[in-house]
A.B. asks: 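Pasting in a structure now, in structure tokens, and then I'll have a few things to ask.
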Amino acid sequence: MGIIFVGARAFWAPQAAVGFGIPDTPTEDPSFHAWLAVKAVRDIACGLFIFVMLAGATPHLLGWFMLTATGIPIGAGAADAASAIQQPVSKG
């Protein structure tokens, strides 16, 4: 239920993302709002899916789902690392 709350909060209080780990978060920037909406929908969907799995599936199936869902943060971290490698170093 916590991840559903985090996702829903992004819609009604985007300024809360300032403490989310993104330095200098431009909460008034429309492109940031678009990114935040995508993240919020993903968070809500993941939370609802886990709730459905808890309500109607076996613990074994829930365990396999949670194991495969670890791909989400691993993939996000890999994408972040790849984008950090591709950014040019500014020499000032």
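One-based numbering along the sequence shown.
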A.B. asks: Taking the side chain as every heavy atom from C-beta outward, state whether Phe11 and Val41 have any pair of such atoms under 4.5 Å apart.
C.D. replies: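 Heavy-atom side-chain distance check passes, below 4.5 Å.
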A.B. asks: Between Gly7 and Ala40, which heavy-atom pair has the shortest distance, and what is it?
C.D. replies: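 Heavy atoms of Gly7 and Ala40 come nearest at O-CB, 3.1 Å.
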A.B. asks: If you measure from CG on Leu48 to CE on Met53, what distance do you get to the nearest 0.5 Å?
C.D. replies: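 It is 13.5 Å, given to the nearest 0.5 Å.
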A.B. asks: Working to the nearest 0.5 angstrom, can you tell me the gap between Leu54 CG and Phe65 CZ?
C.D. replies: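 Going from the CG atom of Leu54 to the CZ atom of Phe65 covers 10.0 Å.
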A.B. asks: Applying a strict under-4.5 Å side-chain criterion to I, L, V, M, F, W and Y, I'd like to know whether Leu61 and Phe49 cluster together.
C.D. replies: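 In one cluster: yes.
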A.B. asks: So, taking the atom named CG in Asp43 and the one named CD1 in Ile4, what distance separates them when rounded to the nearest 0.5 Å?
C.D. replies: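 Result: 10.0 Å between the selected atoms.
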A.B. asks: How far does CD1 of Ile50 sit from CG of Leu62, to the nearest 0.5 angstrom?
C.D. replies: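 Atom-to-atom, Ile50:CD1 and Leu62:CG are 7.0 Å apart.
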